[in-house]
Structures are given as structure tokens and as C-alpha cells.
Amino acid sequence: MTLIDGKQTAAEIKAEIKQEVDQMVADGKRRPHLAAILVGHDGGSETYVKNKVLACEACGFESTLLRFEDDITEGELLATVERLNSDAAVDGFIVQLPLPRHIDEQRVIEAISPGKDVDGFHPINVGRMVIGLPCFMSATPKGIYELLRRYGIETRGRKCVILGRSNIVGKPMATIMMQKALGDATVEVCHSHSQNLREECATADILVAAIGSPEFVTADMVKPGAVVIDVGTTRVPDATRPRGYRLSGDVKFDEVAPRCSFITPVPGGVGPMTICMLMLNTLQAAKQRVS
Ligand code: GUN
């Protein structure tokens with residue numbers, strides 16, 4: 001069994017990006033610039049955004065964090081999105097989700113200019129990805145695909161089962177894995193209404209668990225020799241930890257790992273790759289603008 005080291009792979013990719021950025025600057029171009037909008041004080045969102053800003057530093061990017069209290073109106077938020085859309089100094093930006101309930105999240109996503117939508121959430125980017133056109137791809141599935149590629153894991157013609165059908169992981173993961181010249185795999189998506197879900201998972205050469213249910217995947221659901229990718233990051237109360245919680249994946253790691261050819265840990269697997277792919281998307285946005 002090989003443990004897929006997302007932290008190490010992400011560090012390598014960030015070093016590659018930094019090198020490219022240094023070259024861009026030496027050629028007289030400006031640094032890529034990512035802006036992030038953070039509304040309110042959700043603990044998870046604060047951590048994600050802080051890590052995104054730190055990743056920008058590691059890659060040599062400029063970053064701008066725009067913070068708002070959670071009583072911001074939808075109109076004010078849309079005006080901020082509009083301002084960033086037309087700010088020539090910003091290559092790409094994200095609006096950290098979730099947003100407060102009085103704001104229509106989809107309306108905000110659709111207000112972002114598709115050319116600056118480095119999260120790849122705008123329907124234009126989602127649609128372009130589905131039909132195999134150049135686009136910004138959602139960072140988590142893109143990061144998983146990159147891990148599979150860098151670890152030399154063959155996906156062509158293999159059976160990939162995806163647990164979960166969310167817009168930001170399950171659905172785009174299925175698209176990438178079935179895409180000609182990308183995954184080229186045979187793909188099955190399982191969800192809360194799937195029949196014989198345990199048996200379906202056990203048919204997978206590559207199993208991607210993205211349902212946010214701690215330790216849902218047990219050894220009997222995994223074919224011997226399978227590749228298991230764990231996208232879960234649920235905060236589980238744990239009084240023995242300094243923060244009072246630990247991160248739990250969707251896979252019961254201790255019993256599943258011995259059956260696998262490859263497996264991602266939580267933390268240190270998919271998580272670090274997600275932010276790294278946001279950096280790659282921002283670099284792509286900057287190159288589209290300066291070249
Ligand atoms: N909330 C959880 N994951 C993400 C993400 O990838 N992007 C944004 N904008 N918000 C999130």
C-alpha cells in the first residue's frame with residue numbers, strides 16, 4: 001500500500017509555480033493577483049481563506065482579502081464582485097462559501113466574470129468543462145486528478161466509483177474521470193438514493209469518497225488493490241486535541257488502508273492539493289491576461 005502524500009505533492013507544485021512566477025517577473029510581467037471575499041466569521045472559512053493567502057505568498061502571488069460582516073446586503077456583495085470583475089490589477093477572485101442565508105449564493109457565483117472565476121463554479125466554466133473546452137476547473141477534483149497523474153495511477157478504462165454528487169466535488173470529479181484524454185475511465189456516481197451502494201463501491205478500481213460522513217467507507221466496500229481517495233474533512237469533537245476537534249475523513253482508514261494499492265490520508269491528502277489547484281488556476285488566469 002502506498003500512502004499518497006498530498007502535502008508533499010502540493011509543496012512541489014507550489015515550488016514549480018513560484019519558479020514560473022519568478023520568471024514572469026524577470027520578464028517584466030506583473031505577479032499573478034488573487035483576491036478573496038470573506039463574509040462573516042465561520043471558523044472553517046476563516047481557516048481556508050487564511051491558508052489561501054499563505055499559499056499566495058508561497059507562490060509569489062499578490063493577494064487581497066476583502067472582509068465583510070455577515071450583515072452585508074446582497075446588493076453590496078454584488079457591487080464588490082462587479083468592482084473586482086473590472087479591476088485590471090486582479091487576475092482572479094473567489095467568494096468563500098458558504099454565504100449567510102439572506103444572500104443568494106448562486107446569484108453571486110453567476111455575477112463573477114467567468115474569466116476571473118478561478119474556483120470554476122460559474123455555469124460557463126462548468127459547462128465548458130463538461131464538453132472538454134478550456135476552462136477553470138473546480139479545485140478539489142482537479143487536485144485529485146493531479147494526484148492520480150503524479151503517482152502514475154492508470155485511470156484509462158478502469159472503473160471509478162464516486163460517492164457523492166455535490167456541485168463542487170462529486171459532479172466535476174465524474175466529468176473529469178470520464179473525459180476523453182483526462183480520466184478516460186468508466187464512471188459511476190453513487191448517492192443517498194443509490195441501491196446496493198456498498199456492493200457498487202466494492203466494484204471500483206478507483207473509489208472517491210466525497211459525502212462528508214465520517215468513516216462511512218469500511219473495508220468490505222473496497223476491492224482488494226483499489227485506489228481510495230478520501231475527500232471528507234468533517235470536524236469531529238475530540239477533547240484530546242488542542243483545538244477540541246479532529247478532522248475525520250469519509251474512509252475508515254485503519255481497516256481500509258491494508259486492502260488498497262494507494263490511499264490518501266486525512267489530513268494531508270486531498271486537502272493541501274485543493275488550495276494548490278486554486279493557485280494553478282490563478283496562474284492560468286494571469287497568463288491569459290498578460291500574454
Ligand atoms: N467553501 C468550501 N470549499 C470552497 C471552495 O473551494 N471555494 C470557495 N469559494 N468556497 C468554498
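Just so you know, ligand 1 is whichever comes first in the structure, and atom 1 is the first atom listed for that ligand. When a residue number appears, it is its place in the shown sequence, counting from 1. Please read these numbers as outputs of a predicted model, since none were measured by experiment.
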Considering only the protein, which heavy-atom contact is closest to [atom], and what is its distance?
atom: atom 9 (N) of ligand 1; result: D119 OD2, 2.6 Å
atom: atom 3 (N) of ligand 1; result: I168 CD1, 4.0 Å
atom: atom 11 (C) of ligand 1; result: Q96 NE2, 3.2 Å

Worksheet entry | Q106 atom CD, over 12 foreign heavy atoms within 6.0 Å | yes
Worksheet item: Within a reach of under 6.0 Å around NZ of K7, are more than 12 heavy atoms found that belong to other residues, nucleotides or ligands?
Response: no
Fill in: Min heavy-atom dist M277 to ligand 1 below 4.0 Å
no
Worksheet item: Is R67 salt-bridged to E46, cutoff N-O under 4.0 Å?
Response: yes
Discussion item. Check this for me: does any side-chain nitrogen of one of K116 and D87 sit under 4.0 Å from a carboxylate oxygen of the other?
Written reply: no
Item to complete: Please indicate whether any nitrogen or oxygen in T274 is less than 3.5 Å from any nitrogen or oxygen in ligand 1.
Response: no
Item to complete: Answer yes or no: does an N/O atom from L97 fall short of 3.5 Å to an N/O atom of ligand 1?
Response: yes
Discussion item. Is it the case that the side chain of R31 and the backbone of E62 share a donor-acceptor pair, with hydrogens and angles ignored and the cut-off at 3.5 Å?
Written reply: no
Discussion item. Using a 4.0 Å cut-off to any heavy atom of V95, which atoms of ligand 1 qualify?
Written reply: 8 (C), 9 (N)
Worksheet item: Does some side-chain heavy atom of Q284 sit less than 4.5 Å from a side-chain heavy atom of K287?
Response: no
Worksheet entry | Per-residue contact class, E105 against ligand 1 - non-hydrogen pairs under 4.0 Å | neither
